[in-house]
S.K.: 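Structure incoming, see below.
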Amino acid sequence: MEGKLELIRREALSALELVDDEKSLENWQVKYLGRSSELMEIFKALGTLSKEEKPVVGRTANLVKVALETASGEKEILFNQRRINQDLEGEKIDVTLPGRRTISGSIHPTTQTLREIYRVFGDMGFQIYRSREVETDEYNFQLLNFPPHHPARDMQDTFFITSDKDRGDNPLLLRTHTSPGQIHAMLEHTRKYPEDPPPIRIILPGMCYRYEQITARSEIQFNQVEGLAVGKGITFGDLKGTLSNFARRMFGQEARTRFRASHFPFTEPSAEMDIGCFLCGGDGCSVCKGAGWLEILGCGMVHPTVLENGGFDPEVYSGFAFGMGSERITMTRHHIEDIRYFWANDLRFLDQF
Amino acid sequence: MKVPISWLKEYVEINLPIEELAYKLTLAGLEVEEIRYVGLPMLEEKQQATKISGFSWNPEEIVIGEIREVMPHPNADRLVLCRLDDGEQEHTVLTGAPNLFPYLEKGELDPPLKVAYAREGATIIDAYNETKDIMLTTLKRKKIRGVDSYSMACSERELGISEEHEGIILLDQDAPTGQALAEYMGDAVLDIAITPNIARAASILGVAREVAAITDEKLIPLTLETVTEGDPIKGRVSIEIKEPELNPRFVLGLIEDVEKKPSPYWVQRRLKLAGIRPIDCVVDATNYTMLEIGEPLHAFDYDVLLERAGGKPPSIITRRAKSGETLTTLDDIERKLHDFTVLVTDQSGPLSLAGVMGGADSEVGEKTRNVLLEGASWNYVNIRRTVSAQGLPSEAAYRFERGVHPAIASLGVQRCLEWMRKWTGGKVAQGLVDEYPLPPVDPKVKITPGDIQRWLGISLSAVEIGELLKKLDFEVIIKKDELVVNTPPHRLDIGQGMVGKADLVEEIARVYGYDQIPETNLADGLPLQVGNRALEMEDKIRDKLAGIGLQEIVTYRITSPEAELRVFPPDHNLPDQDYLEITNPISSDKTVMRRSLLASLLEVVEKNRRSRERIALFEIGLEFFPNGENKIPVDEKLKLAIALTGVRTHHSWQCADQDLMDFYDLKGLIEELLADLHIENVSYTTDTAPSYHPGKCARIEMDGKLLGFMGEIHPKVKENYKLAEAPLTVAILDMETLLNKVDDLFNVESIPDQPPVLEDLALVVDDDVPAQTVQSLILLAGGETLTEVSLFDVYRGEQLGEGKKSLAYSLVYQHPKKTLTDKEVAAIRESIVKRLEKELGAQLRSW
Ligand SMILES: [Zn+2]
């Protein structure tokens with residue numbers, strides 16, 4: 001019996017060596033390991049053997065079975081690998097064909113820039129405060145220290161709104177800056193906390209309007225973001241530090257800033273913040289119009305009259321304010337030459353954001 | 001303000017390169033927008049960034065020459081030949097300059113004519129090049145009409161002084177022949193932007209004062225050399241000021257026997273560099289003095305005034321214009337005067353618009369021999385109102401409307417008389433007539449080092465602060481730790497008390513240097529963190545819409561009623577819409593604040609129709625409505641508008657869904673948006689609105705509250721726009737209603753342990769039964785165990801019969817605690833079918 005088993009093993013294994021495809025492997029498996037194979041017949045006949053023979057033959061038969069299964073398993077793996085390799089060769093695609101795109105839209109560049117500004121100032125604790133676009137002369141000018149007929153009004157040509165009633169020196173107008181929001185915010189705050197008001201730190205975004213000819217450089221409507229920080233002991237140094245941090249976040253850590261004296265009726269001292277032109281490195285180019293510096297924003301310490309109009313005691317409180325045009329910032333960041341692109345909404349422009 | 005460096009140097013020493021000076025001025029608030037070189041050498045290496053333009057004169061090539069004789073050209077009538085000495089040798093120079101023709105064939109000229117001579121090989125500006133940028137050219141030897149030409153006497157344009165190219169420059173007689181021209185009159189012009197608070201620097205002296213302060217130099221004081229040869233002015237004219245508030249000071253001086261002729265060349269050159277056209281020596285003297293010290297002056301023809309007064313001494317009266325009064329100004333325009341306009345008048349009527357423009361009658365002209373010179377100060381508000389009402393900006397008004405200190409009125413008159421005497425040869429009458437009823441109070445402000453620390457974050461001692469202020473001519477008295485600061489009598493920008501303190505802080509910071517103040521971080525505690533929920537939700541909506549394929553747009557909020565009418569069909573009875581009107585519109589298509597975001601949106605669709613086969617847009621923006629009941633009688637309403645048109649997906653090499661988008665594409669977007677915002681209880685009901693297709697319009701409600709409308713645009717409205725064939729669907733939603741409903745603290749349900757039971761259910765109903773009704777009823781009848789119902793097929797066909805449709809739904813049954821048995825599911829289905837049968841007459845088709 002054992003001799004027969006050895007014979008089966010040898011014959012099967014040598015037959016397996018000749019097997020070289022999956023089909024003949026299958027046949028081989030039927031012939032040597034199948035239900036009616038010689039080996040299986042031996043297993044079936046085990047019961048007829050004597051007590052002594054039975055375990056010996058059973059063990060040997062098992063060993064043969066394991067040997068055959070292992071050998072055929074190896075062959076199977078081999079064929080499997082071979083088949084995958086063959087398949088791979090036939091499965092070449094043109095990776096240069098365009099991909100299947102899902103349809104997605106995008107956010108208007110102005111909104112994108114506004115969000116970026118919110119985020120930078122948000123990290124520094126500034127909250128967002130919004131207010132109305134149709135304003136009164138009082139809030140847009142007078143409470144911000146622009147008396148009627150003040151020369152500084154020349155810098156902000158204004159659209160007025162026709163009114164049924166004679167409003168005298170307080171006509172309705174389209175806000176020329178988001179600064180009236182400063183007054184609204186301060187008054188709300190100081191009315192809520194009349195005694196020892198806590199600090200204010202806000203930014204005021206929104207659409208503003210100026211009476212200008214629409215050209216590549218000027219628009220009648222634009223988004224402005226103003227900032228206001230009021231508290232005890234806020235200094236011009238804090239203003240410089242805060243805005244330089246902003247510039248680095250917005251224009252890269254290498255951005256250089258300079259502050260130069262300027263004039264706004266609602267701040268004193270007032271300044272303009274420029275950043276070193278990142279295109280020419282300061283040598284002068286068409287973007288910075290040869291100056292080497294790009295104007296980014298106006299700023300200053302809140303004027304005592306404005307603090308007072310907002311309900312703060314200027315002897316105790318101080319603060320700074322700043323304002324920037326977000327379209328201008330977008331133009332600077334993306335080298336956009338024509339401000340009219342923003343409200344023209346040509347999809348060929350918007351698609352690029 | 002254009003400031004020639006040569007002029008500035010008369011009042012302050014400048015010991016640093018021009019570029020560096022420009023940079024310092026810019027940091028100190030006198031922004032130098034440009035440095036224009038007119039002769040002086042430019043720096044090779046650019047040091048500090050300022051825009052630079054202009055042209056330097058090579059000292060070897062361009063020198064002062066003298067023309068000794070002007071002779072005819074042998075072959076050309078329009079050219080002459082000059083014998084010219086350049087200090088080294090004599091040359092024959094050919095020119096066509098008309099201002100040499102008077103000297104033609106006059107023999108040896110005595111004195112010779114001093115000119116700007118460019119030698120052979122010299123580089124000058126190509127005067128015939130009309131481009132905006134400076135084009136240079138090099139002088140080469142050539143023959144012109146048979147005569148050798150290799151050098152030239154230059155015009156102003158050729159040297160970059162002005163655009164003048166009619167004749168050559170004729171220099172003053174003191175010009176030394178052979179000297180480099182750059183050395184004699186090379187210049188550079190700083191173009192400084194003057195902000196309103198720094199109006200005191202709208203003069204050479206004013207800028208010099210700033211330069212002295214910021215470069216730590218001393219101001220060179222102006223010296224008057226008063227020579228009065230004429231009879232005293234006293235008794236020859238009188239002044240009456242009706243309202244000192246409007247005219248705090250009025251000064252008159254008199255000069256007689258003036259000869260009107262051109263001013264010396266150096267005066268003309270400086271005026272031109274400063275941007276003022278030279279006229280004659282009388283007018284030039286008033287302009288020159290105004291530029292020099294900042295006091296605008298006005299010259300009257302004294303003899304005209306005498307005549308108007310019938311030979312008696314004229315009485316000058318300043319007053320407001322009376323109603324109906326008119327004045328013909330020297331530009332020959334008869335002007336109707338307003339009651340806020342201040343006039344200089346005499347007994348016979350108005351002479352001039354005070355501080356703005358003279359009258360034609362009394363202006364100095366060709367025949368003027370005797371000049372009465374006015375230097376005054378005016379209330380800036382009235383000047384501004386007059387300038388804007390009459391549309392008359394001028395150099396004088398520019399200064400008066402920003403404020404000119406009354407103290408300099410007399411200085412201005414004296415200085416101007418001095419120039420007139422020198423340039424016209426006239427005799428100055430002794431004394432001035434000076435009416436000064438309202439001298440200003442120059443503020444006295446107290447400030448401490450503590451104020452500086454609190455405001456600027458730097459610590460300076462009282463003495464250090466005092467030193468900084470003294471540089472700007474403030475008088476400072478230090479009492480212990482407090483400074484008492486007196487404002488100098490040339491500036492009007494310093495206030496009283498707290499405001500004055502802030503004004504001084506700015507001056508201290510400017511002179512100290514903004515760049516020297518160290519940057520610090522806010523040390524203040526964080527403010528209340530309240531966030532801005534409305535904006536956050538708005539942004540969430542933007543992100544969602546962009547994510548599902550819509551492009552955000554932002555449009556003009558100023559429009560015209562005509563543009564907004566386009567959203568109505570032409571045969572629609574137009575509503576009488578009240579607009580918020582702009583009083584001073586910029587153009588006829590931008591006259592009112594918009595009421596319709598839809599109109600803005602459709603314009604953008606129209607504009608982009610050719611460039612895209614699929615257009616999907618949204619805007620979140622304001623609409624404006626008059627509302628007389630508000631304190632500010634305006635409602636600003638935030639709306640969301642969506643527009644969809646064209647194919648569903650872009651054309652592609654892969655099979656793409658190129659079907660046209662319709663109502664249901666838009667509805668799907670809105671459903672997705674609302675689902676994302678966790679807004680439930682939304683209903684869509686058939687409705688009509690003027691801009692929409694009457695059969696394809698839905699009213700959207702949330703908890704029974706109107707959220708907005710959606711639908712296909714009415715074909716007649718579409719015709720008002722140039723649009724593609726494809727259906728255009730739009731939705732306008734009210735943002736406030738939406739935002740109030742957004743629940744960002746929504747609850748999340750646990751994932752059930754038990755498997756759900758899924759089945760489909762098809763029902764036949766009458767065609768006019770809205771799908772939403774069927775679905776709601778299924779949900780209602782299914783109870784809590786029925787967790788999802790979705791429509792997957794709508795079918796109409798013969799076998800169903802006329803006026804019927806079949807709706808097929810997938811249902812999900814799910815019990816939170818246990819596995820549902822077939823029996824339990826069957827019972828629920830039974831009750832759904834019964835309910836639908838009873839209420840809608842529905843027939844079960846299959847399940
Ligand atoms: Zn640049």
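Treat the numbers as computed from the prediction; the structure is a model and nothing was measured. Naming: A, B, ... by sequence-line order, numbering from 1 per chain.
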S.K.: Under 4.5 Å from any heavy atom of chain A, what part of B:R542 do you find: side chain, backbone, both or neither?
M.R.: both
S.K.: Got a salt bridge between B:R510 and B:E507, using NZ or NE/NH1/NH2 to carboxylate O under 4.0 Å?
M.R.: yes
S.K.: How about A:N223 and A:E327: does a side-chain donor come under 3.5 Å of a side-chain acceptor?
M.R.: yes
S.K.: Indicate whether the side chain of B:D493 and that of B:N197 have a donor and an acceptor atom separated by less than 3.5 Å.
M.R.: no
S.K.: Between A:G231, A:S106, A:G241, A:P304, who has the most heavy-atom pairs with chain B when the cutoff is under 4.5 Å?
M.R.: A:S106
S.K.: Report which part of A:R167 has an atom under 4.5 Å of a heavy atom belonging to chain B: side chain, backbone, both, or neither.
M.R.: side chain
S.K.: Given side chains that start at C-beta, do those of A:D274 and A:E295 come closer than 4.5 Å, heavy atoms only?
M.R.: yes
S.K.: Report which part of A:L174 has an atom under 4.5 Å of a heavy atom belonging to chain B: side chain, backbone, both, or neither.
M.R.: side chain
S.K.: Kindly say whether A:P147 contributes a backbone atom to a donor-acceptor pair with the side chain of A:R153 at under 3.5 angstrom?
M.R.: yes
S.K.: Which atoms of A:V316 are under 4.5 Å from chain B, going by heavy atoms: the side chain, the backbone, both sets, or neither?
M.R.: backbone
S.K.: Which atoms of A:I220 are under 4.5 Å from chain B, going by heavy atoms: the side chain, the backbone, both sets, or neither?
M.R.: side chain
S.K.: Determine, for B:R614 against B:D657, whether the closest basic-nitrogen to carboxylate-oxygen distance falls under 4.0 angstrom.
M.R.: no
S.K.: Please flag which part of B:L617 lies under 4.5 Å from any non-hydrogen atom of chain A: side chain, backbone, both or neither.
M.R.: side chain
S.K.: Under 3.5 Å, is there a donor on one side chain and an acceptor on the other for A:S326 and A:T113?
M.R.: no
S.K.: Between B:R557 and A:W343, is NZ or CZ placed under 6.0 angstrom from the six-membered ring centre and within 45° of the ring axis?
M.R.: no
S.K.: Less than 4.5 Å to any heavy atom of chain B: does that hold for the side chain of A:E315, its backbone, both, or neither?
M.R.: both
S.K.: Side chain from CB out, backbone as N, CA, C, O: work out which of these in A:R201 comes under 4.5 Å of a heavy atom of chain B, or both, or neither.
M.R.: both
S.K.: Without hydrogens or angle criteria, can the side chains of A:R248 and A:N245 be said to hold a donor-acceptor pair below 3.5 Å?
M.R.: yes
S.K.: Relative to chain A, which of B:K631, B:E401, B:E538 shows the most heavy atom pairs under 4.5 Å?
M.R.: B:E538
S.K.: Would you call B:E210 and B:K24 a salt bridge, taking side-chain N to carboxylate O under 4.0 Å as the test?
M.R.: no
S.K.: Using heavy-atom distances under 4.5 Å, tell me whether A:L347 contacts chain B through its side chain, its backbone, both, or neither.
M.R.: both
S.K.: Report the option among B:H650, B:E603, B:Q529, B:K590 that has the most heavy-atom pairs separated by less than 4.5 Å from atoms of chain A.
M.R.: B:Q529
S.K.: For B:Y579, is it the side chain, the backbone, both, or neither that has a heavy atom closer than 4.5 Å to a heavy atom of chain A?
M.R.: neither
S.K.: With no hydrogens and no angle check, just 3.5 Å: does a side-chain donor-acceptor pair link B:T26 and B:E31?
M.R.: no
S.K.: In terms of heavy-atom proximity below 4.5 Å to chain A, should B:I517 be classed as side chain, backbone, both, or neither?
M.R.: both
S.K.: Could you have a look at B:V604, B:I508, B:L522 and say which one has the most heavy-atom pairs with chain A under 4.5 angstrom?
M.R.: B:L522
S.K.: Relative to chain B, which segment of A:E308 carries a heavy atom at a distance below 4.5 Å: side chain, backbone, both, or neither?
M.R.: neither
S.K.: Would you please say whether a donor-acceptor pair under 3.5 Å links the side chains of B:D635 and B:N630?
M.R.: yes
S.K.: For residues A:F320 and A:T235, report the shortest heavy-atom separation together with the two atoms involved.
M.R.: CD2-O, 4.3 Å
S.K.: Can a donor-acceptor pair be found, under 3.5 Å and without considering hydrogens, that links the side chain of B:E552 to the backbone of A:T111?
M.R.: no
S.K.: Using non-hydrogen atoms and a 4.5 Å limit, figure out which bit of B:P626 sits close to chain A: side chain, backbone, both or neither.
M.R.: neither
S.K.: Using a 4.5 angstrom heavy-atom cutoff, name the option from B:A509, B:S652, B:G525 with the most pairs to chain A.
M.R.: B:G525
S.K.: Where does A:Y129 contact chain B at under 4.5 Å (heavy atoms): side chain, backbone, both or neither?
M.R.: backbone
S.K.: B:R454 versus chain A, heavy atoms under 4.5 Å apart: side chain, backbone, both or neither?
M.R.: both
S.K.: Chain B: which of A:E133, A:M301, A:E212, A:R100 shares the most heavy-atom pairs with it under 4.5 Å?
M.R.: A:E133
S.K.: I'd like to verify something: which residue of A:L239, A:T257, A:I214 has the highest number of heavy-atom pairs under 4.5 Å with chain B?
M.R.: A:I214
S.K.: Do the side-chain N and O atoms of B:N584 and A:D157 include a donor-acceptor pair separated by under 3.5 angstrom?
M.R.: no
S.K.: If I measure from the heavy atoms of chain B, does A:M124 come under 4.5 Å with its side chain, its backbone, both, or neither?
M.R.: backbone
S.K.: Relative to chain B, which segment of A:Y193 carries a heavy atom at a distance below 4.5 Å: side chain, backbone, both, or neither?
M.R.: side chain
S.K.: Let me know if B:I458 has heavy atoms under 4.5 Å from chain A in its side chain, its backbone, both or neither.
M.R.: neither
S.K.: Please look at A:P109 and chain B and tell me whether the side chain, the backbone, both or neither of the residue comes under 4.5 angstrom of a heavy atom of that chain.
M.R.: neither
S.K.: Return the option, out of B:V592, B:I548, B:V381, with the maximum number of heavy-atom pairs under 4.5 Å with chain A.
M.R.: B:V381
S.K.: If I measure from the heavy atoms of chain B, does A:E268 come under 4.5 Å with its side chain, its backbone, both, or neither?
M.R.: both
S.K.: Under a 4.5 Å heavy-atom cut-off, does chain A meet the side chain of B:D543, its backbone, both or neither?
M.R.: both
S.K.: Are the ring centres of A:Y209 and A:F159 closer than 6.0 Å?
M.R.: no
S.K.: Pick whichever of A:K165, A:E272, A:H263 has the most heavy-atom pairs under 4.5 Å with chain B.
M.R.: A:H263
S.K.: Sort out for me which of B:M498, B:M593, B:K501 touches chain A most, counting heavy-atom pairs under 4.5 Å.
M.R.: B:M498
S.K.: Given the rule in the side-chain hydrogen bond (donor to acceptor under 3.5 Å, both in side chains) test, do B:E619 and B:T555 qualify, once you have shown the distances and angles that lead to the verdict?
M.R.: CA-CA 8 Å; B:E619 175 166 13; B:T555 55; 2.7 Å; yes
S.K.: For A:I202, which atoms come within 4.5 Å of any heavy atom of chain B: side chain, backbone, both, or neither?
M.R.: neither
S.K.: Taking side chain as C-beta onward, heavy atoms only, is A:E135 less than 4.5 Å from B:I632?
M.R.: yes
S.K.: Quick check on B:A534 against chain A: is it the side chain, the backbone, both or neither that has a heavy atom closer than 4.5 Å?
M.R.: both
S.K.: Kindly state whether the ring of A:F160 and the ring of A:Y211 have centres lying under 6.0 angstrom apart.
M.R.: no
